A.B. asks: 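Structure below; questions to follow.
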There are 2 protein chains.
Amino acid sequence: MNSHCDRACQRCLDNLCTHKIPVFSTLPYEALESIARRIIHQDVPAGAVFIEAGVKNDRLTIISEGQAKACRYTADGREQILYIYSEGDFLGERDLILAQESPYQVEALTDVKLCQLTAESFHQFIQEHAEISMQIIHSLSRRLSRLEQMIQNMGQRSIEARISTALLDFAEQYGVQQKEGIYVRLPLSREGLASYIGITRETVSRKLSQLETENIIQSIGHKMILIRNQQALKEFSD
Amino acid sequence: MNSHCDRACQRCLDNLCTHKIPVFSTLPYEALESIARRIIHQDVPAGAVFIEAGVKNDRLTIISEGQAKACRYTADGREQILYIYSEGDFLGERDLILAQESPYQVEALTDVKLCQLTAESFHQFIQEHAEISMQIIHSLSRRLSRLEQMIQNMGQRSIEARISTALLDFAEQYGVQQKEGIYVRLPLSREGLASYIGITRETVSRKLSQLETENIIQSIGHKMILIRNQQALKEFSD
DNA sequence: CAGGAAATTTGATTTTAATCACAGATTAAG
DNA sequence: CTTAATCTGTGATTAAAATCAAATTTCCTG
């Protein structure tokens with residue numbers, strides 16, 4: 001057990017998990033180290049909810065390993081996935097800034113290792129390093145752009161367009177280019193994909209089958225997709 | 001013509017249109033005045049596009065009078081409205097921050113009076129008044145929350161829920177409470193409402209008619225709606 | 001305030017995806 | 001490696017909203 005703590009701290013001090021976060025990227029090494037020392041580590045098993053909707057959250061959370069999803073539930077009980085977080089992403093900063101409860105829950109999609117910073121440490125660092133507010137502004141701005149794009153995507157009538165956009169997004173983030181095309185390990189099940197784009201599991205299946213018939217993609221098991229014709233997806237997408 | 005300029009400047013110096021902007025609200029009067037002096041005024045007729053999508057935009061724009069909409073166009077040529085701006089709202093700050101082209105166009109819904117600040121002035125003020133970065137962060141954070149809610153809304157299966165949410169939002173912003181209910185002057189036509197929630201004009205009509213039959217709302221001409229039973233809308237909404 | 005333009009409502013039909021039901025495939029655990 | 005549990009794909013049916021096509025209402029201009 002002691003070895004676990006050592007390993008975690010070592011990971012942070014060596015790799016400086018803070019270093020992965022764009023918001024902190026302009027800080028000098030000493031500052032990063034000083035942040036790293038205050039970081040609280042937490043391991044979360046796949047499927048666990050580590051931030052609950054409607055509960056006051058006083059930590060900035062960094063995904064050090066694994067993936068997680070942020071989601072809300074609609075009136076009819078269906079899940080709407082808002083964000084997929086991967087290694088290096090951080091979350092919860094807005095709750096600290098606005099001192100509000102988390103508006104959605106965050107659930108581990110795989111086993112996840114978290115690094116967390118208390119509200120106190122976070123605010124202290126903003127004060128000590130005024131230059132990072134500009135970084136935070138940038139980061140929020142990019143997130144805004146992403147959401148605007150997502151809204152446009154969800155407003156689309158055509159389901160092909162919506163699925164294509166999602167696949168292209170995942171390809172960009174998780175894809176590996178090979179001769180045959182781009183191999184993408186999907187962070188979500190079909191059900192998850194459905195929640196992400198706001199349709200049903202069955203419709204996702206049908207449209208993916210159709211794309212496969214047209215030789216645009218190829219399913220490899222449940223978790224992997226090979227994009228054979230990226231161009232075709234781009235044309236559907238816009 | 002001279003009188004126009006005087007009037008505009010007077011409006012800014014007297015009322016300090018900058019004062020209406022939450023982001024600047026913490027600044028001392030002198031700072032506000034100094035900003036106001038640099039403001040460029042522009043009058044825009046209803047229907048005119050004053051910020052074009054894909055064009056570099058180097059002004060922070062404040063809506064001093066009137067209303068405007070920000071929209072993008074989907075692959076199939078349909079319009080998706082992202083924001084409705086009213087008096088006191090500001091826009092374009094993100095383009096300045098990220099030095100990017102406007103990702104959407106902004107069009108006047110009514111005759112509009114704008115106050116604009118150049119990128120240069122804007123950046124200078126951020127530097128001189130570091131405290132406003134925190135205000136900007138707050139403002140962006142609130143906008144993020146709004147978009148997240150909008151995504152959840154668009155992911156909803158039920159159209160009642162989507163329309164109800166939109167009506168409640170407009171009521172909150174533009175509504176006037178009376179004995180009979182809340183009178184709301186809609187900023188958008190039925191067509192606009194449709195673009196806002198991602199459905200067709202006809203479906204909007206039908207659902208509004210249905211809500212009227214159920215005595216939940218009442219249409220008064222094309223621009224006004226009386227919400228008789230806010231509670232019912234809230235129940236649809238969530 | 002009349003008249004025409006624009007926006008809206010309503011009806012009929014078609015298209016699309018949701019729903020329901022189940023078979024088949026993949027994954028994970030022992 | 002087997003087996004159960006879970007996830008996924010497909011067919012049939014239903015429900016819902018899009019589309020197409022008027023008819024009506026509202027709004028604005030002269």
Side-chain angles (χ1 to χ4, degrees), chain A residues 45-47 69 74-81 109-111 153-164 166-167 185-214 217-226 236, chain B residues 45-47 69 74-81 109-111 153-164 166-167 185-214 217-226 236:
Chain A
K69 68 177 178 186
T74 59
D76 48 344
R78 287 186 16 272
E79 173 184 275
Q80 173 65 52
I81 295 178
L109 288 169
T110 62
D111 288 352
N153 196 34
M154 297 192 69
Q156 296 249 113
R157 193 85 71 246
S158 134
I159 296 254
E160 268 97 24
R162 286 157 72 174
I163 290 199
S164 298
L167 290 181
R185 173 158 220 92
L186 298 174
L188 296 173
S189 64
R190 298 298 137 101
E191 180 105 46
L193 261 177
S195 300
Y196 190 59
I197 62 186
I199 57 177
T200 59
R201 179 179 57 82
E202 293 94 326
T203 302
V204 170
S205 267
R206 274 186 252 270
K207 292 296 172 182
L208 288 181
S209 298
Q210 188 187 323
L211 291 175
E212 191 153 5
T213 303
E214 296 167 20
I217 64 166
Q218 183 184 335
S219 289
I220 302 167
H222 289 164
K223 293 267 173 65
M224 188 79 96
I225 273 192
L226 169 60
F236 281 132
Chain B
K69 68 178 177 184
T74 58
D76 47 343
R78 288 188 13 272
E79 173 184 276
Q80 173 66 50
I81 296 177
L109 288 169
T110 62
D111 288 352
N153 196 33
M154 297 192 69
Q156 296 247 113
R157 192 86 72 245
S158 134
I159 297 257
E160 268 99 24
R162 286 156 73 174
I163 292 199
S164 299
L167 290 181
R185 173 157 219 91
L186 297 174
L188 296 173
S189 64
R190 300 296 137 103
E191 179 105 46
L193 261 178
S195 300
Y196 190 60
I197 61 186
I199 58 178
T200 60
R201 191 191 67 228
E202 291 95 329
T203 302
V204 170
S205 263
R206 274 186 253 270
K207 292 295 169 181
L208 289 181
S209 299
Q210 188 188 322
L211 290 175
E212 190 153 7
T213 304
E214 296 167 19
I217 64 167
Q218 181 182 337
S219 288
I220 302 165
H222 288 165
K223 291 267 173 66
M224 188 78 97
I225 273 191
L226 168 61
F236 281 132

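What you are looking at is a predicted structure, and each value in this text was computed from that prediction instead of being measured. Atoms considered below: every heavy atom in the structure, side chains included; atoms not considered: hydrogens, waters and symmetry mates.
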A.B. asks: Take the protein atom CD1 of A/Ile220 and the nucleotide atom C1' of C/dT26, then report the distance between them rounded to whole Å.
C.D. replies: 14 Å

A.B. asks: What range of DNA chain D does chain B touch, first nucleotide to last, counting atoms under 4.0 Å from its heavy atoms?
C.D. replies: D/dA17 to D/dC27

A.B. asks: Roughly how many Å is it from CD1 in B/Ile163 to C1' in C/dT9, rounded to a whole number?
C.D. replies: 14 Å

A.B. asks: Identify the heavy atoms of B/Ser164 and B/Phe236 that sit nearest to each other, and give their distance.
C.D. replies: OG-CB, 3.2 Å

A.B. asks: Enter the distance from A/Arg206:CZ to A/Ile163:CD1 here, rounded to the nearest 0.5 Å.
C.D. replies: 11.5 Å

A.B. asks: If you compare all heavy atoms of A/Gln156 against all heavy atoms of B/Asp76, which two are closest, and at what distance to 0.1 Å?
C.D. replies: OE1-OD1, 4.0 Å

A.B. asks: Could you tell me whether the side chain of B/Ile159 reaches within less than 4.5 Å of the side chain of B/Ile197, counting heavy atoms only?
C.D. replies: no

A.B. asks: Any donor-acceptor pair under 3.5 Å linking the side chain of B/Asp111 with the backbone of B/Ala46?
C.D. replies: yes

A.B. asks: Between A/Lys223 and A/Ser158, which residue's closest nucleotide on DNA chain C lies nearer the 5′ terminus?
C.D. replies: A/Ser158

A.B. asks: Roughly how far, to the nearest 0.5 Å, is the CG atom of A/Leu186 from the CD1 atom of A/Ile225?
C.D. replies: 4.5 Å

A.B. asks: Let me spell it out: for each of A/Ile159 and B/Ser189, pick the nucleotide of DNA chain C with the closest heavy atom. Which residue's pick is nearer the 5' end?
C.D. replies: B/Ser189

A.B. asks: In whole angstrom, give the distance that lies between atom CZ of A/Arg190 and atom P of C/dA25.
C.D. replies: 15 Å

A.B. asks: So how far is it from A/Leu193 CG to A/Thr200 OG1, rounded to the nearest 0.5 Å?
C.D. replies: 12.0 Å

A.B. asks: When you measure from every atom of DNA chain C, which of residues 198-209 of chain A have a heavy atom less than 4.0 Å away?
C.D. replies: A/Ile199, A/Thr200, A/Glu202, A/Thr203, A/Arg206, A/Lys207

A.B. asks: Nearest whole Å is fine: how far is C/dA7 P from B/Leu188 CG?
C.D. replies: 13 Å

A.B. asks: I need the B/Glu214 CD to B/Ser209 OG distance, nearest 0.5 Å.
C.D. replies: 11.0 Å

A.B. asks: Do you know which two heavy atoms are closest between B/His222 and B/Arg190, and how far apart they sit?
C.D. replies: O-NH2, 3.4 Å

A.B. asks: Tell me the bend of the helix from C/dC1-D/dG30 to C/dG30-D/dC1 as the angle between end helix axes, each from five pairs, rounded to the nearest 10 degrees.
C.D. replies: 60°

A.B. asks: How many Å lie between NE2 on B/His222 and P on C/dA5, as a whole number?
C.D. replies: 17 Å

A.B. asks: Looking at CZ of B/Arg78 and OG of A/Ser158, how far apart are the two atoms once the value is rounded to the nearest 0.5 Å?
C.D. replies: 10.0 Å

A.B. asks: Could you state the CG-P distance from A/Asp76 to C/dA18, rounded to the nearest angstrom?
C.D. replies: 12 Å

A.B. asks: Any chance you could measure A/Met224, atom CE, to A/Ser219, atom OG, to the nearest 0.5 Å?
C.D. replies: 11.5 Å

A.B. asks: Rounding to an integer number of Å, can you tell me how far B/Leu186 CG sits from C/dA7 P?
C.D. replies: 15 Å

